[in-house]
**Student:** 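Take a look at the following structure, please.
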Amino acid sequence: MAGRKSKEAHKEAPEPQLHPLTGEAVSNPLVPDWIFEGLVTLSLTLPNLVFSGMHWYDTLHLMKWFVTLVPVGVLSVLAGARLARYGTERTGFVLDPLGTLWVGVLLFLSLQPFWAPLTSSVTFLKEWLTLGSLVALYLLTYNLFPTGNMIRVALWLANLNAAVNVLFAELQMRSLNAPFPFIMNTPGYYIGNTAQQEMFGLWMAIAVLNGVYLHVAYGGQEAAGRIRQGALLRWGNLVLLAVNGWGLWNSTARGGILSLLVGFSVFALMAWRNYDRSHLRRLGAIVLVLGVVLAGSFVADKALNTGRATLMTQKTLDMIQNPGSVGLRIGIWRTSLQMFLHHPVTGVGLGHFKWNYLAAQRAMFDRYPDGEWQFTYWAHSEYLQWLCELGVFGGLLLAGMGLFWLAGFGRAVARREAFPLEILWAAGMVFLIATDAVFSRPFHRVEIAVWFAVALALSARSFLPSRLSWTEVRHPAVFRAFGGLWAAVALGGLLFLGDGMLGDRYLFAATQSRDPNFKMGALDQAGKHFMSREEALEQKGYLYLLVAEANRDGRLLKPGLDLLYQAFGQRAEAKKLMDLMKGYGALGDEAKVREMTRFLKPGTFQLQKGGPASGAPRSAAP
């Protein structure tokens, strides 16, 4: 009887989970496989299909953040708690050199408020938690992401997501999206639910590179009984590839197209150096499909008068004829350089590029008087934005990490080292997103950045050593403490997001009511939630101005302007600047008007007698 129970218990015992790096059995893994695979796949594949919608104050980002970051946060709580309880011996946790440097960046940024001129604590915390989530996903991927089918499932789902976005974009371009509330209401724009042309183009480029890997992977299935299955999957993948290639060409996003060219070239280089030539030959079909789709987009442009191919041609010619404008980025890049020169050591603070843009632009005009006035939240180059926000020391730390990875990649290619096929995809994806970052902001869209974190971790697992003498920690208690801190920060981040969603509901309620007293009460409630408190302050200022104008009550004008002025000090934006100039001009407050006009381009305004300013910037781009 006892023997029978022993045998039954033996049969029911689950198979031990293997560490993907060492191949050794792990008695208490950081996270069970099925939980990790399900949540990471969700985080990678769903966000570009969802947006918050018209029942939230933040109609775009909030739900994308939720779908992307909550899975990572839950995994982090589990992984951190188990690391704290069981240590590295039983979990098999490895903190590799590149991961150590990423944790070092987080530590550096945690100390930055002591020296950087931060004005918006909400912005800093949101950016820090987002970056921390990406670092956590890197560590989770490095320690848990299995080789084999998981990556293929994720890529298939992502490519289906991208193809659906192409359909959404086609409907938007033809203003046929209105009957479908699950499609963003942006008629005339070719952006799908990504909400921005450059991000749509980048998402298509990611999907096409996914298709490149899948085509090569299924083309190489020669095991008995799997040839037919491989052919079916290969042809299905080519159909999706054609759809997403169509979306890429019609996006007219030059950064996305160039980035795909770089990522594809890296994939082809590794296929040539690290695999047999048959893998390289399979890439010819990809080139053929994309070429046919490109030709088809020109035919469709002429037949249906869509204008997409014509626009792409015009943008390409503009790059050739006006290379100095860098795709109309030159003014932004000059302003970014001035921002860095004014804060070279401390940086302006994580997330604070946008709140320092107006001041930096005024300095730019001193050097380039013919520059154009505009406002933007982004440097349109992640590397410039990091340099501005982190300063020279933070910038050098990030540059050193990049060079460390590049050196490992170069050694692997030069030595013709053999890798699992997905490493070719991972290396190509790192190059693809890193190239797009020269011209755009992929790391400021978390639904894109998670792909970089996963690809970087998978490639680091193959290209870089898992341990170096300077990263070795000899005291297990350190890792247990790290695990506890990891879980606590992740839990705090989840609570921060949840609290922010409650605050967003109060902001939304304020916009839906016409009762000023109800509006003010809702804004007071929103101000009690940390993520929404700065927005609530700004909206209170605007509410005072609205009531003052409706009731012709000048007594409410000054308190409203004072609140708006306080909000401008936290988050300096073009709209608030213009509204403050108009309001203080109406009050005849010459000192405040002069203070505001210093953010404008010299010569575009004049101060009238009595105080108000006349004139306006020649252009203002949000």
**Student:** Is it the case that over 12 heavy atoms from other parts of the model lie below 6.0 angstrom from the CZ atom of F393?
**Tutor:** no
**Student:** Less than 6.0 angstrom separating the ring centers of F108 and W115, yes or no?
**Tutor:** yes
**Student:** Donor-acceptor check, side chain of K519 to backbone of S513, threshold 3.5 angstrom: yes or no?
**Tutor:** yes
**Student:** Side chain of D504, backbone of W56: donor and acceptor closer than 3.5 Å?
**Tutor:** no
**Student:** What distance do L432 atom CG and L202 atom CG have between them, rounded to the nearest 0.5 Å?
**Tutor:** 6.5 Å
**Student:** Is a side-chain N or O of S259 found less than 3.5 angstrom from the main chain of G255, in a donor-acceptor match?
**Tutor:** yes
**Student:** Are the ring centres of F599 and F568 closer than 6.0 Å?
**Tutor:** yes
**Student:** Which class fits the ring pair F182 and F168: parallel under 30°, tilted 30 to 60°, perpendicular over 60°?
**Tutor:** tilted
**Student:** Going by heavy atoms in the side chains, are M596 and Y565 under 4.5 Å from each other?
**Tutor:** yes
**Student:** Is it true that a side-chain atom of N165 and a backbone atom of N48 form a donor plus acceptor pair closer than 3.5 Å?
**Tutor:** yes
**Student:** With a 3.5 Å distance limit and no angle check, can you tell me whether N356 reaches the backbone of H352 through a side-chain donor-acceptor pair?
**Tutor:** yes
**Student:** What residues, two or more places apart in sequence or in another chain, satisfy ring pair (Phe, Tyr, Trp, His ring centres under 6.0 Å) together with W386?
**Tutor:** Y383, F443
**Student:** I'd like to know if the side chain of E590 pairs up with that of Y584 as donor and acceptor (distance under 3.5 Å, no hydrogens or angles considered).
**Tutor:** no
**Student:** Taking K64 for the side chain and R445 for the main chain, is one N or O donor matched with an acceptor at less than 3.5 Å?
**Tutor:** no
**Student:** Answer yes when K558 and D562 have at least one side-chain N-carboxylate O distance shorter than 4.0 Å, and no when they do not.
**Tutor:** yes
**Student:** Taking NZ, NE, NH1 and NH2 as the nitrogens, is one of them in E198 or R329 under 4.0 Å from a carboxylate oxygen of the other?
**Tutor:** yes
**Student:** Any side-chain to backbone donor/acceptor pair from Q385 onto H380? Under 3.5 Å, distance only.
**Tutor:** no
**Student:** Just how far is it from atom CG of L557 to atom CG of L587, taken to the nearest 0.5 Å?
**Tutor:** 4.0 Å
**Student:** Determine yes or no for a side-chain-to-main-chain donor-acceptor pair under 3.5 angstrom, with T68 supplying the side chain and S43 the backbone.
**Tutor:** no
**Student:** Take atom OH in Y544; do more than 12 heavy atoms of anything else shown fall under 6.0 Å from it?
**Tutor:** no
**Student:** Under the 3.5 angstrom rule, does the side chain of Q112 hit a backbone N or O of E389 as a donor-acceptor pair?
**Tutor:** yes
**Student:** Would you call the rings of H444 and W378 parallel, tilted or perpendicular, taking 30° and 60° as the class edges?
**Tutor:** tilted
**Student:** With no hydrogens and no angle check, is any side-chain donor or acceptor of K601 less than 3.5 Å from a backbone partner on F365?
**Tutor:** no
**Student:** Classify the angle between the aromatic ring planes of H55 and F508 as parallel (below 30°), tilted (30 to 60°) or perpendicular (above 60°).
**Tutor:** perpendicular
**Student:** Do R505 and Y57 pass the side-chain contact (heavy atoms from CB on, under 4.5 Å) test, and can you show the C-alpha distance, the side-chain angles, and the key distance before you say yes or no?
**Tutor:** CA-CA 7 Å; R505 297 301 298 169; Y57 180 80; over 6 Å; no
**Student:** If you draw a 6.0 Å radius around CD in E549, do more than 12 non-hydrogen atoms from other residues or ligands fall strictly inside?
**Tutor:** no
